[in-house]
Amino acid sequence: IPLPPYPNGWFAVTPSDGLAAGEVKTVRALGREMVVYRGLGGEAYAVDPYCAHLGAHLGVGGTVQGEEIRCPFHGWCY
């Protein structure tokens with residue numbers, strides 16, 4: 001059976017109880033770097049680590065605004 005070029009399913013990338021509301025972490029899992037954060041409502045998210053605007057790293061100075069992560073460079077939210 002040929003395997004897909006990327007993981008297909010749900011995978012744990014960090015312990016949920018180690019991620020507080022408003023916290024941002026950079027993790028490496030499944031062969032790639034990503035940023036995980038918990039929105040202020042309690043939902044956890046995993047996103048690409050780089051801002052689509054100019055490529056700032058969201059895990060270095062990025063902040064949580066509600067359920068979005070704000071880029072430290074120009075303030076764009078995702």
Side-chain angles (χ1 to χ4, degrees):
I1 299 173
L3 296 175
Y6 50 86
N8 188 6
W10 294 95
F11 298 90
V13 296
T14 191
S16 184
D17 62 356
L19 189 63
E23 186 176 4
V24 177
K25 287 185 179 180
T26 301
V27 298
R28 183 146 185 89
L30 307 171
R32 61 182 292 181
E33 187 177 46
M34 60 189 84
V35 169
V36 295
Y37 70 96
R38 188 174 300 280
L40 299 181
E43 190 76 23
Y45 301 90
V47 297
D48 189 75
Y50 300 102
C51 174
H53 179 232
L54 288 176
H57 197 291
L58 298 173
V60 181
T63 57
V64 175
Q65 304 290 311
E67 296 303 307
E68 299 177 326
I69 188 166
R70 181 179 297 271
C71 173
F73 194 60
H74 282 120
W76 287 31
C77 289
Y78 300 95

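- Both Leu19 and Met34 are assigned to one and the same hydrophobic cluster, defined by single-linkage of ILVMFWY side chains at heavy-atom distances under 4.5 Å.
- For the side-chain hydrogen bond (donor to acceptor under 3.5 Å, both in side chains) condition, the pairs that include at least one residue of residues 10-27, sequence neighbours left out, are Ser16-Arg38.
- Side-chain contact check for Leu58 versus Val24: every heavy-atom pair is 4.5 Å or farther apart.
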**Request:** Report the C-alpha separation of Leu40 and Val64 in whole Å, then their side-chain angles, then the decisive distance to 0.1 Å, and conclude whether the side-chain contact (heavy atoms from CB on, under 4.5 Å) test is met.
**Result:** CA-CA 8 Å; Leu40 299 181; Val64 175; 4.2 Å; yes
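- Shortest non-hydrogen contact noted between Ala56 and Phe73 is CB-CB, 3.8 Å.
- Every pair passing side-chain hydrogen bond (donor to acceptor under 3.5 Å, both in side chains) that includes a residue from residues 67-77 is listed here, sequence neighbours excluded: Tyr45-Glu67, His53-His74.
- Between the OH atom of Tyr78 and the CG atom of Asp48 there is a distance of 9.5 Å, given to the nearest 0.5 Å.
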